[in-house]
Structures are given as C-alpha cells and as structure tokens.
Amino acid sequence: VQLQASGGGLVQVGGSLRLSCVVSGGTFSTYGMGWFRQAPGKDREFVATINQNGGITSHSDSVLGRFTIGRDNAKSTAFLQMTNLKSEDTGIYYCAANEVPSWRTGLSIQGKDYEYWGQGTQVTVSS
C-alpha cells in the first residue's frame, strides 16, 4: 500500500490550501484515514480523521472550523481542505491509512493505529 500526499506549499496567513492523499495498492474503502502534522522541533500531532465511508469525521481543536477532512472513495483519495491558515499551521503534513474490519470504524486520533503513511508534504504559512 502506498500513500502519495501532495498540495503543500507556501501561503500567506489567512490563505487556503487543499492537500490530497492518493492511496494505491489496497482497498481504499476499507481504510480509515488520518492527517497528522509535525512542526519543526515538535512532536507529530493529530489533525483530522475520517471513517471508511466518510460519514464520521473528527478534527483537532486547533483546526476545528478551519480545516475539513474528506474523501472520495471512487478516486481512492483523501483530502484536507485548509482555510484561514495561521503561522502555527506550518509543518510537514502526513496522511495515514488505518485498515480495519468493516464492522469497526477506522476513525482514530492515535498515530499508532495507522499502518500506512505517506511521505509528507510541506506547508509553510508566512506572516
């Protein structure tokens, strides 16, 4: 299973970006998906997660109301729409996949629950 994240870049405070994560080599609809980020000198932190069919989502308090996680199972793609970006949003953003049985929700805020990770995409928010 491979995850390819893209969409990062340099943006000014208040701007927007849309990150995408294309999953290949597996059955996308069986994965809960998550986005995590790591700022320079800091630990990786949870950003958002979504269950297998996209009906349930959870966002960290720091991004709630500004970021939206979504997915398109037909395109094996998860995305993270980011608006009203702040300088503290700067970091490397990673997508991750959590493979679970269909009777379990793949929603998780814990990085340890995710078996597959993308390579990361850099987001830099300048003031």
Side-chain angles (χ1 to χ4, degrees):
V1 178
Q2 293 186 329
L3 282 69
Q4 181 69 46
S6 62
L10 175 64
V11 64
Q12 291 187 330
V13 170
S16 299
L17 282 174
R18 182 181 175 97
L19 306 183
S20 295
C21 177
V22 179
V23 179
S24 59
T27 305
F28 183 70
S29 60
T30 66
Y31 303 141
M33 297 296 296
W35 286 96
F36 294 78
R37 67 186 181 187
Q38 187 166 20
K42 294 187 177 181
D43 292 334
R44 184 181 64 195
E45 66 171 346
F46 163 75
V47 176
T49 181
I50 188 168
N51 75 329
Q52 294 92 307
N53 65 14
I56 306 173
T57 63
S58 179
H59 299 76
S60 69
D61 289 344
S62 62
V63 307
L64 189 63
R66 300 188 298 121
F67 293 9
T68 302
I69 190 172
R71 65 189 297 158
D72 183 341
N73 283 1
K75 297 182 178 179
S76 297
T77 301
F79 61 84
L80 185 69
Q81 180 68 48
M82 306 187 295
T83 63
N84 191 21
L85 283 159
K86 303 177 180 180
S87 57
E88 52 263 44
D89 295 320
T90 293
I92 301 174
Y93 283 69
Y94 299 92
C95 60
N98 174 24
E99 187 172 19
V100 295
S102 59
W103 50 268
R104 280 184 56 195
T105 176
L107 212 70
S108 177
I109 67 171
Q110 301 288 337
K112 64 180 179 63
D113 291 332
Y114 293 84
E115 294 88 359
Y116 309 109
W117 291 80
Q119 84 288 0
T121 185
Q122 176 71 46
V123 172
T124 303
V125 185
S126 65
S127 56

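What's counted below: heavy atoms across the whole structure, side chains too, no hydrogens, waters or symmetry copies.
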May I ask you to check whether over 12 heavy atoms, not counting those of Gln38, lie within 6.0 Å of atom CD? yes
Can you tell me if Gln52 uses its side chain to pair, donor with acceptor, with the backbone of Arg104 under 3.5 Å? yes
For Ser60, which residues count as a side chain to side chain donor-acceptor pair (under 3.5 Å) partner, sequence neighbours excluded? Ser62
Ile50 and Thr57 have their tightest heavy-atom pair at CG1-CG2, 3.6 Å
Are side-chain heavy atoms of Leu80 and Val47 found at a separation under 4.5 Å? yes
For Glu88, side-chain contact (heavy atoms from CB on, under 4.5 Å) partners two or more places apart: Lys86
Both conditions, 6.0 Å and 45 degrees, for the charged tip of Arg71 above the ring of Phe79: are they met here? no
Can you check whether Phe28's main-chain N or O pairs, donor with acceptor, with Thr30's side chain at less than 3.5 Å? no
Got a donor-acceptor contact below 3.5 angstrom from the Asn84 side chain to the Arg66 backbone? no
Quick one, Phe67 and Asp89 - any side-chain contact, counting heavy atoms below 4.5 Å? yes
Under the side chain to side chain donor-acceptor pair (under 3.5 Å) rule, what pairs show up with a residue in residues 7-29, not counting sequence neighbours? Arg18-Gln81
Is there side-chain contact between Met82 and Val11, with at least one heavy-atom pair below 4.5 Å? no
How many angstroms lie between CD in Gln110 and OG1 in Thr49, if you round to the nearest 0.5 Å? 11.0 Å
Counting distance only, does the side-chain N/O of His59 pair as donor-acceptor with the main-chain N or O of Ile69 below 3.5 Å? yes
Under the 3.5 angstrom rule, does the side chain of Gln119 hit a backbone N or O of Ala5 as a donor-acceptor pair? yes
Less than 4.5 Å apart, side chain to side chain, heavy atoms only: is that true for Leu19 and Thr121? yes
On the ring face of Tyr93, is Arg37 found with NZ or CZ under 6.0 Å from the centre and within 45° of the axis? no
Any donor-acceptor pair under 3.5 Å linking the side-chain atoms of Ser76 with those of Tyr31? no
Phe36 vs Trp117 side-chain heavy atoms within contact, under 4.5 Å: yes
Taking a hydrophobic cluster as the set of Ile, Leu, Val, Met, Phe, Trp and Tyr residues connected by side-chain heavy atoms closer than 4.5 Å, whether directly or through intermediates, do Tyr94 and Val125 fall within one such cluster? no
